[in-house]
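Let me begin by presenting the structure, written as structure tokens, before commenting on it.
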Amino acid sequence: MMTRSSSRLHSFFKLKCNFITNSVTTPLSSSRLGLDFSPHSTSLPSLLHSTSFSNNGDRPLSRYQKLTSLDHAFNLFDEMILRTPLPSVVKFTQLLNAVAKLKHFSSCLHLFKQMCVIGVPVSEYSMNIAIRCCCQMSRTNDGFALLGCCFRRAVVPDVCTFNTLLDGLIREDRIVQAERLFKKLIKHKLCEPDVVMYSTMIKGLCKFGNNDIAIGLLRLMDERGCKPDIYAYNTIIDSLCKDKMIEDAFKLFNEMVFAKGIQPDVITYTSLIYGLCNLCRWDEVSKLLKEMEDLRISPSFQTFSILVDAFCKEGSVDEAEAVIDIMVERGEVPNIVTYNSLINGYCLQGEMSKAKTLLDSVMSRGLIPDVITYNSLLNGYCKSLKIEEAIHMFHEVTRKGLNPDMIFYNTMIQGLFSVGRCGDACQLFDEMQAQGQTPNEYTYGIILDGLCSNHQVEEALSLFHLVGDSKLKNNIVVYSILIDGAGKCGKLDIVRALFHELHVKGLQPDVRTYTAMIRGFCRVGLLREAKNLFLKMGERGCPPDNVSYCVLLHGYLKNQHFDDVEILLQQMGRRSYSLDASTLSLLKDRIAAGSLDRGLLKLIGMLVPKELMDSFTGREKKLNGECGL
DNA sequence: GTAGGGTTAG
């Protein structure tokens, strides 16, 4: 369903679409319209081509930087070592760097060793390149070993060397060692941290969710006379956006722009747009895109990818396709990530034939689907209960030699449970472990929920007690699943026992736990207990959400308890909550039966989208007609 | 005439 705001975003893009189409034929008129994203009057595609392969400004590329293949590099190296005298160490370093830039790290290390053998002196430059290769291959320990070797050859590490090693540690999630090294460098004055080193540490802290400490380090570097640059700010802004702390991100953004005078770039905007998309704050996304346009900051491939994904998740696949059209107009080539969003979008809507057609067309373009592509399709088939197609897809992936990951197994297991094939689901659960995939909390959640949904509450409980994992045993989500499952089977003794266990363990029930309890009480007609808990949850700092309201209301209606219906509907209206389909249908039944006053219709109208209300009242009129009312 | 840091999907 497209929201009002996202449709506004869509108009913005339509404008862009028109602009791009116009710009192809009449480039001058588009710039007169002031809609040109490009920083220069040159057309965007050619601009992209001219800037993406050159990183040294206007200087011509050296023959080393022009290297495009490993063979070429090896031939050049062979030719160089035959020359007398040997070319300078600088030439060798340039060659090494070119190979490293091609991401052929082990070959680069091989060449470095060859250089040592034939007697080319090691410089701090060549050493740093070699160390970087180790780090990029997640072999930071080898990087440290290399540092030791070079040290013995009297090559002294500098701030670049340590930055590379710090980055390697962070890449390997060894944040404690990174922090230790950073502190040691400062304490023993081994080198003065520069802006890159601070930014690297900030990146590490953000990676581990320590946004506050990262901001602290940003302040510290400033105090120590090292001005934070756009890299440092972008890293924290991005991390805050990923953690849904968008207000803090904007606070830092304002500080960067207005207090520090640092101009935001496409990465700053892309991070903010990502954060806003995640929170469905479309108006602000649109505002930022406009701001970028005013500042002549051209959206990047990633900016577009984020928008494509956001539209798909929102259910607006058409709009996502429109964004892809703009990308193509700009000369960008959408990759498998872009199409995965689109395929997932179709799968979420249950449009499996469209998803499959798109997959075929993607493959015919030479793009190779990955495990994520197949996960989306598997999920789509499972959610649309097309289990045979899902199983077929599962086998196809295995046959292709792609290793199904844990998510893939989880999805398939959930699909099997959803059609009642508990035996097959449990068998796959065993098979997954035999294939070396360790089940996580999600897997157990799926299994426990699956068993309960298929009236096997006791089996679920015994599995729960059998698994020795403390992460599982102290997981409120798992408890909520069990409580909900037992409640749906009407096993109130188990529901109460589990809820009591929470208290004993000191685990805090969340809104889902309370809602599961309320659903359980309602199911067996214990409305007073349901109402009491509904009132209590708010007092305990966990106010009922939209689902809690629907569950209690549903319980009241089902049990012919009409006294509190109106007051609940009023409260929902004040909170801008909405009714779900099944509760709405029950309300309709009770009104048609004369148990509830028709005057409630106005109130109900405020709790459902207009289209649904029209069909609701339409159906009611028809029903009344049929009943001769 | 050389080396180090940031953004995209279930």
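A note on names: the letters A, B, ... follow the listed sequences, proteins ahead of strands, and every chain is numbered from 1. As a basis for the values below, the full set of heavy atoms in this structure was taken, side chains included, without hydrogen atoms, waters or symmetry mates.
At the heavy-atom level, A:K242 lies under 4.0 Å from the strands shown only through sugar-phosphate atoms. Looking at heavy-atom distances under 4.0 Å, A:N340 makes contact with a base. Contact annotation for A:V89: no contact, since no heavy-atom pair falls under 4.0 Å across all strands. Across all strands shown, A:D158 has heavy atoms under 4.0 Å from base atoms, whether or not it also approaches the sugar-phosphate. Among the heavy atoms of the strands, none lies under 4.0 Å from A:V266. As judged by a 4.0 angstrom heavy-atom cut-off over every strand, A:S271 is placed among residues making no nucleic acid contact. Contacts of A:T270 with the nucleic acid, taken as non-hydrogen atoms under 4.0 Å apart, include base atoms. Heavy atoms of A:N234 sit under 4.0 angstrom from at least one base atom. As judged by a 4.0 angstrom heavy-atom cut-off over every strand, A:Y198 is placed among residues making no nucleic acid contact. In this structure, A:D265 reaches the bases: a heavy-atom distance under 4.0 Å links it to at least one base atom across the strands shown. When heavy atoms are screened at a 4.0 angstrom cut-off, A:V308 is found touching no nucleic acid atom at all. Among the atoms of the strands shown, only primed sugar atoms or phosphate atoms (P, OP1, OP2) are found under 4.0 Å from some heavy atom of A:I129.
Summarising the geometry, the separation between OH on A:Y269 and C1' on B:dG6 is reported as 17 Å, rounded to the nearest angstrom. Separating the NZ atom of A:K207 from the P atom of B:dG6 is a distance of 10 Å, rounded to the nearest angstrom. To the nearest angstrom, C1' of B:dG6 lies 15 Å from OH of A:Y233. Following rounding to the nearest Å, A:L165 (CG) and B:dA3 (P) show an atom-to-atom distance of 17 Å. The interatomic distance linking A:F304 (CZ) with B:dA9 (C1') rounds to 18 Å, in whole Å. Separating the CG atom of A:L272 from the P atom of B:dT8 is a distance of 13 Å, rounded to the nearest angstrom. One interatomic measurement links the two molecules: CZ of A:F253 to C1' of B:dG6, which rounds to 16 Å at whole-angstrom precision. Taking atom CD1 of residue A:I324 and atom P of nucleotide B:dT8, one finds them 18 Å apart after rounding to whole Å.
Looking at the side chain of A:Q94, the nearest of the listed nucleotides B:dA9, B:dT2, B:dT7 is B:dT2. Minimum atom distance to the side chain of A:S199 is reached by B:dG5, of the listed B:dT2, B:dG5, B:dA9.
The side-chain ring of A:Y125 is not stacked on the base of B:dA3, judged by centre separation under 5.5 angstrom and plane angle under 30 degrees.
A salt bridge is defined here as a Lys NZ or Arg NE, NH1 or NH2 lying under 4.0 Å from an Asp or Glu carboxylate O, and A:K203 with A:D167 meets this definition. A salt bridge does not link A:K91 with A:E79: every distance from a Lys NZ or Arg NE/NH1/NH2 to an Asp or Glu carboxylate oxygen is 4.0 Å or more. Salt bridge absent: A:E291 and A:K287 never bring a charged side-chain N and a carboxylate O closer than 4.0 Å.
Within a 6.0 Å radius of CD1 in A:I368, other residues, nucleotides and ligands contribute 12 heavy atoms or fewer.
Side-chain contact, A:D360 with A:T357: no donor N or O sits under 3.5 Å from an acceptor N or O.
Applying the ring pair (Phe, Tyr, Trp, His ring centres under 6.0 Å) rule to A:Y346 yields no partners; only residues at least two apart in sequence or on another chain are considered.
The side chain of A:Y274 places an N or O atom within less than 4.0 Å of a non-bridging phosphate oxygen (OP1 or OP2) of B:dA9.
Judged by atom type and distance alone, A:T200 does not reach the base of B:dG5 through any side-chain donor-acceptor pair under 3.5 Å. Between the side chain of A:D229 and the base of B:dG6 there is no donor-acceptor pair of N/O atoms closer than 3.5 Å.
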